[in-house]
Amino acid sequence: MLQCVFLLSDSGEVMVEKQMTAHRVDRGICGWFWDYVLAHAAGDASKVVVSPTHYLFQVYRNGVTFLACTQVEMPPLLAIEFLSRVADVLTDYLGDLNEDIIKDNFVLVYQILDEMMDNGFPLTTEPNILKEMIAPPNIVSKMLNVVTGKSSNLGNKLPDAAASFVPWRTTVVKDASNEVYVNIVEELDACVNREGALVKCEAYGKIQVNSSLSGVPELTLSFSNPTIINDVRFHPCVRFRPWESNQILSFVPPDRQFELMSYRVKKLKTTPIYVKPQLTSDSGNCRVNVMVGIKNDPGKPIDSITVQFRLPPLIASADLTANYGTVDILADQTCLWTIGQIPKDKAPSLSGNLRLEEGLTHLHTFPTFEMKFKIMGVALSGLQIDKLEVKNTPNAPYKGFRAQTQAGRYEVRS
């Protein structure tokens, strides 16, 4: 049973305090927790922390720490999953999540926390139901609140889904569009050592569904190669037995957009793009040459390509140019090379000179190059949808499929 939830800023300030039970938790526990975080700044503070008086659970998102407290033993994953769900719901409501947005929407945040937990136990965590109970903010509602003085977005009646046998879907859904879209969205994490060998390459993916179907439809989604995926995590609507026996997703979907499942694909063998950095230093100068090109053509255009690296310390000046794209030195001493798409007639390259500070002859710290890109129409993990069956609908719906891959933590050592 959770007793209290705090939302802390990056400076340790308490932005939101929500007491979940009659027994109040002293806010001083946040000071103890922040001292613990600062003491572990060099490493990664644990998700579960034991203080002299409480068990603490934390989730960090975009500069905001979600902190839950309890004095009784409980399953740690329950608290961590609840805090993660709170962060996801607030992001869904507010479009983004940071300190300023939370401060601008105090009332809405409190209302959401009120509905998501009852007397210390998770109650309503499905965004589709919450949006029927608490209207998301928009420009019109904000203007009306200013004019009328009304600050609550709470609805006047209980959502229909509260009485449904599938709590993530209302009892009566009527949708004229009669369509369902399935998107595979993947992030590619890779690490290439200074010799150019691929040390690590993994894909983290999500199956996103946008359902506009009437009634209570039954959907079955199968993959051509489900054995490649690991570490799956499902939406509550997914039935476990069909997946465990045949790797088939059987579910009654929530209305509109939701995340059906997430997964990981390990030990991928190739990456779509190569980055070859060369740095040589002597006599107080460091010559830089970086080449970028397509290593394994995915069959679709690779867009939004950028390469960035932080200038090493003790650099007096930098003179860098590229034969394609633009090069900018940002305020935090990061060099950002924006390429876009790789042209067919030449390989993009960046070259130039770094001048070391007086008294230094050689560069002793070499940068790590980070790459970003986006590929529409392909999942680089190789995961493919075999078929999607829709039953229990008045008419045959339109079914659409799409895939997208983008770079996550893609690093090349030099």
Side-chain angles (χ1 to χ4, degrees), residues 44 84 181-209 221-235 238 243-244 246-249 259-278 290-309 337-342 344 347-349 366-388 401-414:
D44 186 13
S84 300
Y181 297 92
V182 180
N183 298 332
I184 301 178
V185 181
E186 293 187 344
E187 281 194 356
L188 190 69
D189 287 4
C191 180
V192 179
N193 64 18
R194 59 186 304 173
E195 285 78 28
L198 186 62
V199 177
K200 171 188 173 183
C201 189
E202 297 180 340
Y204 295 84
K206 299 177 181 178
I207 306 296
Q208 298 176 342
V209 178
L221 178 66
S222 60
F223 302 100
S224 301
N225 48 352
T227 56
I228 67 173
I229 61 179
N230 303 274
D231 303 333
V232 293
R233 179 174 176 263
F234 299 116
H235 187 277
V238 176
W243 175 261
E244 291 176 349
N246 299 309
Q247 281 71 57
I248 293 176
L249 296 175
E259 183 181 306
L260 180 65
M261 67 174 287
S262 61
Y263 61 90
R264 178 169 63 150
V265 179
K266 304 177 183 178
K267 299 179 180 179
L268 298 179
K269 302 299 183 182
T270 59
T271 58
I273 299 178
Y274 68 81
V275 180
K276 294 182 178 179
Q278 292 182 339
V290 184
M291 295 188 65
V292 175
I294 296 178
K295 183 177 183 180
N296 184 31
D297 193 346
K300 298 288 184 179
I302 305 176
D303 299 314
S304 306
I305 302 173
T306 63
V307 178
Q308 68 176 33
F309 65 96
W337 179 20
T338 304
I339 301 174
Q341 283 193 6
I342 295 178
K344 296 181 179 180
S349 65
F366 290 86
T368 297
F369 292 78
E370 299 178 3
M371 168 164 279
K372 298 293 182 183
F373 58 82
K374 183 180 295 184
I375 309 174
M376 300 298 298
V378 64
L380 288 182
S381 69
L383 184 66
Q384 294 181 347
I385 294 175
D386 181 26
K387 60 181 177 179
L388 174 65
F401 304 92
R402 188 172 63 180
Q404 171 188 326
T405 301
Q406 62 188 26
R409 190 168 182 175
Y410 194 110
E411 296 182 345
V412 178
R413 310 282 173 82
S414 64

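- Legend: residues meeting side chain to side chain contact (heavy atoms under 4.5 Å, CB included) with D386, ordered by chain and number and at least two apart, are S222, S224.
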| side chain to side chain contact (heavy atoms under 4.5 Å, CB included) between M261 and V238: does it pass, once the steps are laid out? | CA-CA 9 Å; M261 67 174 287; V238 176; 5.7 Å; no
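- Listed by chain and number, the residues in a ring pair (Phe, Tyr, Trp, His ring centres under 6.0 Å) with F369 are F309 (sequence neighbours excluded).
- Among pairs with a residue in residues 366-379, none fulfils salt bridge (charged side-chain N to carboxylate O under 4.0 Å, His left out), at least two apart in sequence or across chains.
- Applying the salt bridge (charged side-chain N to carboxylate O under 4.0 Å, His left out) criterion to R413, with sequence neighbours excluded, gives E411.
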| Criterion side chain to side chain contact (heavy atoms under 4.5 Å, CB included) on I273 and I305, from CA distance to verdict | CA-CA 10 Å; I273 299 178; I305 302 173; 3.8 Å; yes
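- Two residues are said to be in side-chain contact when any heavy atoms from C-beta on lie closer than 4.5 Å; L260 and L221 meet this criterion.
- Counting only heavy atoms from C-beta outward, the side chains of V292 and M371 approach each other to under 4.5 Å.
- No more than 12 heavy-atom neighbours from other residues, nucleotides or ligands sit within 6.0 angstrom of CD on Q278.
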Donor-acceptor pairs under 3.5 Å, side chain of residues 181-192 to any protein atom, not counting sequence neighbours: which ones?
{"from": "Y181", "atom 1": "OH", "to": "E179", "atom 2": "OE1", "distance (Å)": "3.2"}
{"from": "E186", "atom 1": "OE1", "to": "L380", "atom 2": "N", "distance (Å)": "3.3"}
{"from": "E186", "atom 1": "OE1", "to": "S381", "atom 2": "N", "distance (Å)": "3.1"}
{"from": "E186", "atom 1": "OE1", "to": "S381", "atom 2": "OG", "distance (Å)": "3.3"}
{"from": "E186", "atom 1": "OE2", "to": "Y263", "atom 2": "OH", "distance (Å)": "2.6"}
{"from": "E186", "atom 1": "OE2", "to": "S381", "atom 2": "OG", "distance (Å)": "2.4"}
{"from": "E187", "atom 1": "OE2", "to": "Q406", "atom 2": "NE2", "distance (Å)": "3.3"}
{"from": "D189", "atom 1": "OD1", "to": "R409", "atom 2": "N", "distance (Å)": "2.9"}

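- Going from atom OH of Y410 over to atom CZ of F373 covers 5.5 Å, rounded to the nearest 0.5 Å.
- Atoms OG1 and CG, on T271 and L198 in that order, are 6.0 Å from each other to the nearest 0.5 Å.
- Proximity of V307 to V412: side-chain heavy atoms (C-beta onward) are nowhere separated by under 4.5 Å.
- With sequence neighbours excluded, no residue forms a side chain to side chain donor-acceptor pair (under 3.5 Å) with R194.
- In this structure S262 satisfies the side chain to side chain donor-acceptor pair (under 3.5 Å) test with no other residue, sequence neighbours excluded.
- From R233, atom CZ reaches atom NZ of K206 across 9.0 Å, with rounding to the nearest 0.5 Å.
- By the side chain to side chain donor-acceptor pair (under 3.5 Å) test, Q341 is found to be paired with D303, residues two or more places apart in sequence or in another chain being considered.
- With contacts defined as side-chain heavy-atom distances shorter than 4.5 Å, the pair F223/I207 qualifies.
- Here the side chains of F366 and P277 are not in contact, with every heavy-atom distance at 4.5 Å or above.
- Residue pairs satisfying the salt bridge (charged side-chain N to carboxylate O under 4.0 Å, His left out) criterion with at least one member in residues 261-273, sequence neighbours excluded, are listed as follows: E202-R264, D231-R264.
- Listed by chain and residue number, N296 satisfy the side chain to side chain donor-acceptor pair (under 3.5 Å) test with T270 (two or more places apart in sequence, or in another chain).
- Taking the side chain to side chain contact (heavy atoms under 4.5 Å, CB included) definition, one finds that K300 meets it with I375, V378, sequence neighbours left out.
- The NZ atom of K387 lies 7.5 Å from the CD1 atom of I248; values are rounded to the nearest 0.5 Å.
- Residues meeting the ring pair (Phe, Tyr, Trp, His ring centres under 6.0 Å) test with Y274, sequence neighbours left out: none.
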